[in-house]
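The structure appears right after this line, and notes come after that.
Convention: sequence-line order gives letters A, B, ...; per-chain numbering from 1. Since the model is a prediction, treat every value here as computed from it, not as a measurement. Side-chain atoms are counted along with the backbone in the values below, which use heavy atoms only and exclude waters and symmetry mates.
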Amino acid sequence: MALLEVNNLSKFFGGLKAVSAVSFDVPQGNIKAIIGPNGAGKTTLFNLIAGSIRPDCGSVRFKNSSIFGLPPYRIAQRGILRTFQNIKLFPNLSVLENVMAGMHVKGRAGLAAGMLRLPQARAEEAFISEKAHEMLAFFNIGELAKRNAAHLSFGQQRAVEFARALASGPALLLLDEPAAGLNTQETAQLASQIAHIRGKGVTILIVEHDMSLIMDISDEIVVVSSGQKIAEGKPSDIQRNADVVRVYLGEE
Amino acid sequence: MIRVRNLESGYGALRVLKGVSLHVDKGEIVTIIGANGAGKSTLLKTLASIVRPRSGTILLNRAPVVRSSAETIVAMGCSLVPEGRHVFGAMTVVENLALGAYIQYKRGKKYEIEEDLPYVFSIFPTLLARKTQLAGTLSGGEQQMLAMARALMARPGLLMLDEPSMGLAPLMVKELFSVVRRLRDEGKTILLVEQNAKAALGVADRGYVLETGRIVLEGASRELLDNKDVQRAYLGKEYRKINE
Amino acid sequence: MLEQTVQYILSGLTIGSIYAIAAIGYNIIYNATGIINFAQGEFIMVGAMTAITLSAFLPLPLAILFAVIITALLGALIEICCIRWLDRPSVLRMIIITIGLSILIREAALHIWDEKVRSLRFFTGNEVSSVSVFGAHISPQVLWVLGICALIVVLLNVFFKYTLTGRSIRACSSDKMAASLCGINTRNMVTLSFMLSGAIGALAGCVISPITQTQYDCGTHLAIKGFAVAVFGGLGNSMAAVAAGLIVGLLETFSITVMPLAYTDAISIAILLLVLFFRPSGLFGNREAGRLKEF
Amino acid sequence: MKRYISILSLAAVVAVIQLGSTLCGREYYLTQLTMAAYYSLVAVGLCMLMGYAGQISLGHAAFFAIGGYTTAVLTTMNLQAHTSSRIVSLLVQCGLAKPGTDLYGVAQLSLSPWIALGGAGIITVVIAIIIGIPVLKLKGHYLAMATLGFGIIVYRITLGTGLFGQADGISGVPQFTIVPGIAIGGGFANKVINYYIAWVMVICGMLLLLNLIDSRVGRALKSIHGSEEAASAIGIHIPRYKLMVFIISALFASLAGVCLTHYNGGIGPSEAGVMKSVRYVAIVAVGGMANLWGTLIMSVLLNYLSLRGYFGSYDDAVFGAILIGIMLFAPDGIIKTIRTKVEARVKVKVRE
Amino acid sequence: MKIFKILGVTLLSMGMAISLSCAKKPAPQQVVKIGALFSVTGPASFLGAPEAKTVQMLVDQINMAGGVKGAKLEAVIKDTKGDPENAISFAKQLIEEEKVFAIIGPSTSGETMKIKNLCEEAKVLLVSCAAAEVIVNPLAKYVFKVPQKDSQAAIKIFETMKKMGISKIGVVSSNTGFGNAGKEQLEKLAPENSITILISEVYDKTATDLTGVLAKLKSKKVQAVVNWSIEPAQAIVAKNMKQLKMGVPLFQSHGFGNIRYVKEAGEAGEGIIFPCGRLLVADLLPADHPQKSVLTKYKTDYEAKYQEDVSTFGGHAYDALMVLVKSMETAGLDKEQVRMALENLKGFAGTGGVFNFSADDHNGLGLDAFEMLTVKDGKFALLEQK
């Protein structure tokens, strides 16, 4: 059974159809990719699922319950975490704190507990901190824990964002153009990291334009153009699909 | 016309251009193609001084311009039509065009401006019909035309176009490229950035392929069109193992 | 009854047009830079104070002219010293800087002039002359205020619509990058807009001084009201600011009929807040138009 | 233990200053240090809101005034005329209203400051919620305008309402006996006690806030400041946390208002004025925004100097100049900037 | 850890500051310090600024003449900016630190009320320059005030009205301490003087245009308007009334006591009637008037020194300081003795009137302190009663 089911999802901006009646499934444990040329609506589609844009019609179901129209924080609480195309770390927090913040939904210590440092809050804090360290170690950035997140290299920031999104143990991870701005070597590293994450049993939905990466890692690909799904299938099928080639290379 | 050597540029911690060298000669149409995120737009923005380069040299008509402001670059005859059009939405078409001729006004060339206006309307007849309409209410294609027309009003020696076909209907794209061809025939120098590789190479004399901030290929348009690597850059065909 | 209503309306229009001029000053700078210049009220005060000092040995029109020029230069000075060289400052930082400027200018004025209340001569007539309109009586200076407010609005419209410089400022506010790609020096346009709003503030200060009198700290009150009116109308929209200013002025005057005068300020600001809560883009700030028209 | 070293050293500094001034026979310095301490309580509360959660408030003096005026009104109300009323007699029986005489021998039956304190707390929370929910949806200039407007409304109400003494404010507020022998306010004799009460409050306040910023809730607040989009993407309900921190900082201000009003024996409308609010913002900015210690140190320093009248009639001008100077040249706050400069120099030397 | 260092530095510097000030030598004995709290800047600066100038001038004059009982006076002037909390802080500073002999000021009633108890407790004489009655009622042993009472001003106004045959009036006042106190007295005393207040309005002190509220008064057909405020509104009321062609007399409070206001009001000021001390009409007084010489001297000295017109507010500071000096001259330099002497001071001619203090009256001025004045040809003149 599919973890995430998207059915006839549509969004209009004014008169413009940004996304029109797109449907697809993301099966448990898979890596699914959404690709398409610039302005095709893939980022909008992504934001509709993550809740940062409210969809107009259609349905989105996660673990068999509807998440249609929920605000982002509710979607995150359900277990769908995301990354951002242009990396949105908390620049005022250290790397470790960034990852600890990512485990917000896992904690329950409230205001009073925090202010008074009650034993329960302290225990929770210790647990979260340990988990965060584990997470950093997983991405090989353990030595950056104390550094300020704003002062890292681009690649390191990307890794911290991954760690933050994964810290709370999401069921579905949404990756928004993770390879943007990475060089070939870093992209290769990213590919192995994504594979690694999948190994932990996390389902992944990825929007990306680096074709080589997508073809390498994804199980299935959805191609959108002008807000519509024009193809869906395995990477090898997609590469052969005439429509896709036309959309990408342009018509003569 | 323009000569670039070892240009490096980026935003914050992000290095986008990692040593780009290229040149455009007078009367040429040169295209830069590459996938999303390869650094094409950053390259043009750096050339127009919207983004400050970190190192490298840019020679415009043999004069170094690395430290110049964006206004100076325009005054030196190099106009950029930015990605996403950036027309002045709250102004009419004519007002937009008048602002395009800003440096011409500054030079006191009123007469030339009066000549230029009918000229750009002859290239883009639809704009004439929408002369007094607010630019923000135009369709995407019309806005793209307006942006190009506005840049032409400055009588640039070098016109840089950043993804003019983006988000446009196929018919519109066709029309746009016919305009580019016309400009070429009139002897304009154009640097064209496009992701629609076939269309771009179709009009260009030469082309560069940009991949992750580096030029990986260059040559005449014909050669590039047949090159397998161009296809790879777009569709990831024959993906080679990077880790090797 | 009619007489009294007309009186209220005229009184409201006077107060309203004063607010409106202050709000226009905010909008000019906001459009060019995205900054709310909290020192706008001080421009009004400095303009009036300078004119009063100069009028001791210059004829009135010349004194006003020089006051306007001096205040415009002050605006330019502020922009060059405190705004120009900042690299993409946060809103919070700009709010604090301009508040600091406002305090500093005010205190400087206290030590340059002193705490005493001054006022400029009436432009025509004197303290006791009045004009009768439908049985209501107003000072001719009120007509000057209304006239100059209208004149400022008209001139600004002409300037922004039909002159190259005006269009360039609009271009900067609409899209900075595109403006510099047209060859416009965007930084100079920002300086220019500070000068313009300084000049308008000074002119406003001069024309209202005979009615309201001027003291070193009179700018604060006008600044707050002007800001509120600018937000009320929808930030950045000068025509809306005029309408909003007049509405607030009328509202304040008519609130006297039902409420104690002491709460006038609280009432008008409470109404502004309510508008802000339910229409965050202001009374006339249409969201659709807002997208099209950042101006 | 490590995390308490700074707090303990603050306590040590507080004690050393008291001992030093007493030994020198200069106890009068403690008066202004006590007042500065209460104002600092407002500043650190605002620091939490502005520096950590990133929400500007140009109306924080209003909360100070709400606390101060609530206690002033309640404790100066003479219930002597209502002794027959059942509620009043019940209050007397519970020890919540005390009979006594004022300085001029008039019989008084006034409410206990404890009731006033509770009342002030409740009113503050209610107002903070009513104002906070709509206001905190706004951003940037609109947020500044809305909080400024709120401040002005409160100022106007204190200025226009007879209950609040209009322009004269309220005087004759009795002392606040916490336990017998320890009271906020009272005469010159209680200087040392008042000093310690104020500073114990500051130390406790700092402790709570320092704990808070390292807790789950604190991280959530900081995340909101860092990026609202990312914060909501990791499951943080932004309006809830914004409101939470707004209430906390309002409570800090209100508590300071209650205490300072008892200490001073009165309150005037200038405490609710716009200039006061701007001052608090200035102090937080000078302290370095997200820097509780910086805010505390700058607040004590500036308030102390200002209350002692060192700046004379240039008081406001000094604040204005500091504001501009800091925001132009050291937007991270004066302490942090100096520290980075010194560290950089040390590093250079080490390398050499 | 860095915090620790910073705290260390703070500690060190504070310690140094304290020890440095410890090392300061005590002041020579023959100096008597008089504390002065005035709002030299801020919203009440029109009160505080002339007050501070007056005190400075007088202290210089007295010291030039050899001081009081061989001791030099030293004025410690603090600018409260009109904020009560500053007044409290400074008052404590003056009392404990400067060990002042007495305090004069503050300028406003709100500030005075905040420090009334402080001075009472510390047994330091306070001679206030603020007008409100509550300052001396209830009576505090150590607290005095020199400005005329609001109630007396109100009575004077009502008496004049009765003579003019006016019985229905409208009142406007500003939302300052002065305005509120005046409004209160007017409303309290109107019935016993058989005057009806048809309408009473309070406006903001920063108000810029009052035609709205005056139109409201006009519609009630009042026979006279009383405005109780301080500048700049006083001139605005006058101007707006003329512009509205209300055609009824305007009465102002004793806050109108500065020729500047007349200049502000210009032609609109003509015919304003107000009660005031005699400072403003010093040259019109008969030569044998007890206040004549005092007033003329103060006026000429002040105007010569500061190149600005004298105001009644500066006069309050004059009175406050001089009643103190007078008492010190009779009783010596003992605080308690001076307090007694002050309570028994009789027949002292100041700028506000002839003071007769007593154990029950810490104000010392009677109805005769006021003279009804009017404005004629841009100058103050005695009101000629018909």
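- Using a 4.5 Å cut-off between heavy atoms, A/R108 contacts chain D through its backbone alone, with no side-chain atom that close.
- Distance CZ/D/R240 to OH/A/Y73: 9.0 Å, rounded to 0.5 Å.
- For A/I75, no part lies under 4.5 angstrom from a heavy atom of chain D.
- Contacts between A/L93 and chain D at a heavy-atom distance below 4.5 Å involve the side chain alone, from C-beta outward.
- The structure places OG of D/S232 at 10.5 Å from CD of A/Q77, a figure rounded to the nearest 0.5 Å.
- Heavy-atom distances place both the backbone and the side chain of A/M100 under 4.5 Å from chain D.
- Nearest heavy atoms, A/A109 versus D/R216: O-NH1, 2.8 Å.
- If you measure heavy-atom distances from D/A290 to chain A, you find no contacts under 4.5 Å at all.
- Each of A/E125, A/E124, A/E97 was checked for a salt bridge (Lys or Arg N to Asp or Glu O under 4.0 Å) with D/R219, and the lone residue meeting it is A/E125.
- The OH atom of D/Y4 sits 5.0 Å away from atom CZ of A/R117, with the distance rounded to the nearest 0.5 Å.
- Here D/S223 contributes atom OG and A/R164 contributes atom CZ; the two are 8.0 Å apart, rounded to the nearest 0.5 Å.
- The two residues A/K88 and D/S227 have their closest heavy-atom pair at CD-OG, 3.7 Å.
- To the nearest 0.5 Å, atom CZ of residue A/F90 and atom NZ of residue D/K222 are 11.5 Å apart.
- Between A/N92 and D/G226, the shortest heavy-atom distance links the atoms OD1-CA, 3.5 Å.
- Among the candidates D/N211, D/L212, D/L208, the single residue satisfying the side-chain contact (heavy atoms from CB on, under 4.5 Å) test with A/L116 is D/L208.
- When each of A/A101, A/A149, A/G110, A/A121 is scored by its heavy-atom pairs under 4.5 Å with chain D, the top score falls to A/A101.
- Exactly one of D/V217, D/I248, D/L207, D/L210 qualifies for a side-chain contact (heavy atoms from CB on, under 4.5 Å) with A/M115. That residue is D/I248.
- Heavy atoms closer than 4.5 Å to chain D are found nowhere in A/A50, neither backbone nor side chain.
- Note: D/H237 NE2 to A/H104 NE2 = 10.5 Å, rounded to the nearest 0.5 Å.
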Discussion item. Before you tell me yes or no, could you show the steps for D/I234 and A/L81 under side-chain contact (heavy atoms from CB on, under 4.5 Å), namely the whole-Å CA-CA distance, both residues' side-chain angles and the distance that decides it to 0.1 Å?
Written reply: CA-CA 6 Å; D/I234 56 172; A/L81 268 285; 3.9 Å; yes
